[in-house]
Amino acid sequence: MLSRLFPEAIDNRFRGRAPAIWLLLPVLGLRTAIGVNSILFTREVATSADGIALDTFGPAGAQAAVSLFALLGFAQLMLPLLGWVVLIRYRAMIPLFYLFLLIQQLGAKLVLIYRPMSRSGGEAGSVLVLALLVVTVAGFLLSLWAKPGASGQDRIA
C-alpha cells in the first residue's frame, strides 16, 4: 500500500481502479467551484452556505470577515488546481492526492471541533461537504485497490 501512496516513479501510469479517476473528476470540479465561488461571491457564500451571520458584525468586522473568507477561498482553490495537474499529467500521485484531500477535509473538521463557530443555518453546505467526504473516501480506497492482473508488488498487502 505504501508503494501505491509513494510510487518510485511519478509518471502518468495509474495503478488503482479506474472508478477512482472518475470519482476524482466531480471532487475536483466541486472543490474548484467552491473555491471560485468563495472568491467571487464571498458575502453570499459566507451567509448562505456557511451560515455566518455577517449582519451581526460591525461594518469593519464584516468587511474583515468577508476578506478573510475570500482569502480562505483562494487557499482552498490551490489544492484542486494541483489535483487537475495530477489528474492530467501525474496519475501515479492520485492515491497520495486523495490522502491530501482527506487530511485537509478531516483537519478542517478537527479545527472546527477545537474552535467551534456559531452558525445561523448553513445546513446545505454541511450536507455538500459530507457528500464530498464520502466520495473522497471511496475514491481513495479505489485508488489503493490494485487493477486486475497487476503484479504482486502492485497489490495491496
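Values below: every heavy atom of this structure, side chains too, minus hydrogens, waters and symmetry copies.
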field: Single-linkage hydrophobic cluster Trp22~Val134, side-chain heavy atoms < 4.5 angstrom
entry: no
query: So, does Gln105 use its side chain to make a donor-acceptor pair with the main chain of Thr136 at under 3.5 Å?
result: no
query: So with a 6.0 Å cut-off around CH2 of Trp84, is the heavy-atom count from everything else above 12?
result: yes
message: Is there a path of hydrophobic side-chain contacts, each under 4.5 Å between heavy atoms, that joins Met117 and Val66?
response: yes
Distance (rounded to the nearest 0.5 Å) between Ser38 OG and Gln76 CD: 6.0 Å
- prompt: Taking a hydrophobic cluster as the set of Ile, Leu, Val, Met, Phe, Trp and Tyr residues connected by side-chain heavy atoms closer than 4.5 Å, whether directly or through intermediates, do Val111 and Leu133 fall within one such cluster?
  reply: no
- prompt: Side chains of Leu5 and Phe140: does their closest heavy-atom pair fall under 4.5 Å?
  reply: yes
- request: Quick one: pull up CE in Met93 and CG in Asn12 and give me the separation to the nearest 0.5 Å.
  value: 12.0 Å
- prompt: Would you call Leu77 and Leu81 a side-chain contact if the rule is heavy atoms closer than 4.5 Å?
  reply: yes
query: Atom CG of Leu96 and atom CD1 of Ile10: how far apart are they, to the nearest 0.5 Å?
result: 8.0 Å
Verdict with reasoning, Asp11 to Tyr90, per side-chain contact (heavy atoms from CB on, under 4.5 Å): CA-CA 5 Å; Asp11 52 18; Tyr90 301 107; over 6 Å; no
- prompt: Taking side chain as C-beta onward, heavy atoms only, is Leu101 less than 4.5 Å from Leu132?
  reply: no
field: Joint cluster assignment, Leu71 & Ile52, ILVMFWY side-chain distance < 4.5 Å
entry: no
field: Heavy-atom donor-acceptor pair, Arg15 side chain to Ala146 backbone, under 3.5 Å
entry: no
task: Drop me the distance from Leu110's CG to Leu106's CG, to the nearest 0.5 angstrom.
output: 7.0 Å
- line: Rounded to the nearest 0.5 angstrom, the CG-CG distance for Leu130 and Leu128 is 9.5 Å
Sidechain-backbone polar pair: Arg91 side chain, Leu87 backbone, donor-acceptor under 3.5 Å: yes
Shortest non-hydrogen separation from Leu82 to Phe97 and the atoms involved: C-CE1, 4.2 Å
query: Donor-acceptor pair, Tyr98 side chain versus Ala20 backbone, under 3.5 Å?
result: yes
message: Tell me whether the count of non-hydrogen atoms from other residues, nucleotides or ligands lying under 6.0 Å of CZ in Phe57 goes above 12.
response: yes
task: First locate atom CZ of Phe69, then atom CG of Asp50, and finally report the distance between them rounded to the nearest 0.5 Å.
output: 3.5 Å
message: Does any part of the side chain of Lys109, heavy atoms only, come nearer than 4.5 Å to the side chain of Val129, both counted from C-beta?
response: yes
task: Examine Leu102 and Leu2 and state if one hydrophobic cluster contains both, with Ile, Leu, Val, Met, Phe, Trp and Tyr joined whenever side-chain heavy atoms are less than 4.5 Å apart.
output: yes
- prompt: Does the side chain of Phe14 reach to within under 4.5 Å of the side chain of Ser143, using non-hydrogen atoms?
  reply: yes
query: Can a donor-acceptor pair be found between the side chains of Gln63 and Arg43 at a distance below 3.5 Å?
result: no
- line: Scanning both residues in full, the closest heavy-atom pair of Leu28 with Thr32 reads O-OG1, 2.7 Å
Minimum-distance pair of heavy atoms, taken over all atoms of Ile39 and Ala70: CG1-O, 3.8 Å
